[in-house]
2 protein chains.
Amino acid sequence: MSLASDQPKSNAAGKPTLYKRIRLDIETRILTGEWPPGHRIPFEHQLMARYRCSRMTVNKALSELAQADLIERRRRAGTFVRRPQHLSAVLKIADIRAEITALGRSYGYQLIECQRRTATSADRARLGVSTAGKVVAIACRHSADNVPFAVEDRLIDLSTVPEAADADFAREPPGSWLLHHVPWTEAEHTISAVVADDRTAKELDIAVGAPCLVIDRYTWRSARTVTAVRLHYPGETHRLVARFKGG
Amino acid sequence: MSLASDQPKSNAAGKPTLYKRIRLDIETRILTGEWPPGHRIPFEHQLMARYRCSRMTVNKALSELAQADLIERRRRAGTFVRRPQHLSAVLKIADIRAEITALGRSYGYQLIECQRRTATSADRARLGVSTAGKVVAIACRHSADNVPFAVEDRLIDLSTVPEAADADFAREPPGSWLLHHVPWTEAEHTISAVVADDRTAKELDIAVGAPCLVIDRYTWRSARTVTAVRLHYPGETHRLVARFKGG
DNA sequence: TTGACTTATATGTCTAGACATATAATCGTG
DNA sequence: CACGATTATATGTCTAGACATATAAGTCAA
């Protein structure tokens, strides 16, 4: 059948589309606490009746809310407001070269050290692997307009990424190389603050004892560790910005 | 028509569903660099032919990739791999009380100062408003198992949230109160590192000069500022963790 | 050449209905 | 009462087709 006569779906008046309205309605009820954590959201067929639309339209709204972790959907049981009422921000951490060039500044890269070796026990602990294999250990520095931007200390597991043995990290930063050669399936960032030690201060050209933002990133492909990297940014100048929308 | 005879959609063999397979296929091509930024992804009707499925199935896969900012979709033009090839992490920043209780530790809260006043010029600059209205300024401390966890310095715009004038911030932390009373539509976090000054060191019970992680959060409802808050965490012990999946 | 108008097309949204699947709830049985 | 089998039900996925809308591309006149 044609629906044009049944249901106006025109957007000529500038109103948001129906599924977005449904999504916003539910989202608002959750965020204001009207529907607290654990509350059961009306069934799809009830929302169909309330909004006079098809199940796919309701489903699209609920799917997006589930993807955003605001609700939890369980077969047969229903749909519920998730317990930890948290804010959720999409933090975009670009490849450093892309980040710097996007700011309109010139990107510089210096390899400090690159060593291929059999994994030490410290390496194995850092990568979270138990068997001894080969690794590549890299220390390097990124700069913007010739000012130090971040120093990087990285370990790549060659048993997961054997191709990395042939990459030329004197020319291409390891982060860029990995991004373009290895698909990751999971990653974890940990952000913390430290004060600069002797070596870091020297490499970033800041004072010993100055604050640094530290990002530790682990990347996996399936169940295998790809790389572990620690980045030091000068804390006075660098900022991580995460902007996000609730509606 | 029924499709059961045309197209097996059974998942008995444990295979992922079709739209997820399409999404993963495209995602892998993007993340390996096979389809670089700017590359045009096949049109929906081409993907329909390739995967022998309906347009809605292809559309669901592409919509999710667009939501994840991996691709950009433009009417008439097509679908393209987005330019800044970035990692994207969902950083979940819970309400502090929820965060602490989720760790199985006892939550403590002390109001240090709470002042209702007409906005000073510094207040207006911080909130990003030009007109002089009333604000609430709050300083407080959160602790876990009686150890200082974070100190908070907050400004609430009463012209946006007049109800906040009647809230009792001596009993309920302002973050929790706001989360349950005010729907936000947009927010921004900025994460940086500093060293503890005299006052912060005293409030967090750490040494002057010790590293602190600082989170600045601004929250808006529509175009109106709701609140601006700055949180200081002891950098040695606190970590922000963002775990995310690429598949 | 340039700007206004028209057209073609790819995505955006929506429908009514189908089958698939996990699981809460119920029912029987030892 | 405890526990395994059955049933009902809400969500998960998918289809074929329709109309809506933004806009790239082509057309034509000033």
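Below, all heavy atoms of this structure are taken into account, side chains as well, without hydrogens, waters or symmetry copies. A, B, ... follow the sequence lines: proteins, then strands. Residue 1 opens every chain.
Mapped onto DNA chain C by nearest heavy atom, B:H45 and A:A77 fall at different nucleotides, with B:H45 at the one closer to the 5' end. Of the two residues contacting DNA chain D, namely B:M56 and A:G78, the nearest-nucleotide position lying further toward the 5' end is that of A:G78.
In this structure, the OH atom of A:Y51 is 17 Å from the C1' atom of C:dT13, given to the nearest Å. Counting to the nearest Å, the P atom of D:dG12 and the CG atom of A:N59 are 6 Å from each other.
Sequence neighbours left out, the pairs with a member in residues 54-68 of chain A that pass salt bridge (charged side-chain N to carboxylate O under 4.0 Å, His left out) are A:R23-A:E64, A:E44-A:R55.
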Nucleotide N/O to protein N/O under 3.5 Å, stretch nucleotides 5-9 of chain C:
residue	atom	partner	partner atom	Å
C:dA8	N3	B:R76	NH1	2.8

Heteroatom pairs (N/O) under 3.5 angstrom, protein to nucleotides 3-5 of chain D:
none

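The side chain of A:T57 places no N or O atom within less than 4.0 Å of a non-bridging phosphate oxygen (OP1 or OP2) of C:dT13. Distances shorter than 4.0 Å separate none of the side-chain N or O atoms of A:S54 from OP1 or OP2 on C:dG17. Using a 4.0 Å cut-off, some side-chain N or O of B:K60 falls inside it from OP1 or OP2 of D:dT13. A close approach under 4.0 Å does occur between a side-chain nitrogen or oxygen of A:K20 and OP1 or OP2 of C:dT13. For the pair A:R73 and D:dG12, the criterion of a side-chain N or O lying under 4.0 Å from OP1 or OP2 is met.
Residue-environment remark: CG (B:D168) exceeds the threshold of 12 foreign heavy atoms within 6.0 Å.
Relative to the ring axis of A:F80, A:R74 places its NZ or CZ within 45° and under 6.0 Å from the centre.
Evaluation of atom-type donor-acceptor distances gives a pair under 3.5 Å for the side chain of A:R55 against the base of D:dG12.
Minimum interatomic distance between B:A228 and B:R126 (heavy atoms only, all atoms of both residues): O-NH2, 3.6 Å. What you find for A:A61 and A:Y19 is that their closest heavy atoms are CB-O, 3.5 Å.
Comparing C:dA10, C:dG12, D:dA24 by their closest approach to the side chain of B:F43 singles out C:dA10.
If you check every strand for non-hydrogen atoms under 4.0 Å, A:S63 touches nothing.
At least one side-chain heavy atom of B:M56 sits under 4.5 Å from a side-chain heavy atom of A:M56.
Aromatic ring orientation, B:Y109 versus B:H142: tilted (interplanar angle from 30° to 60°).
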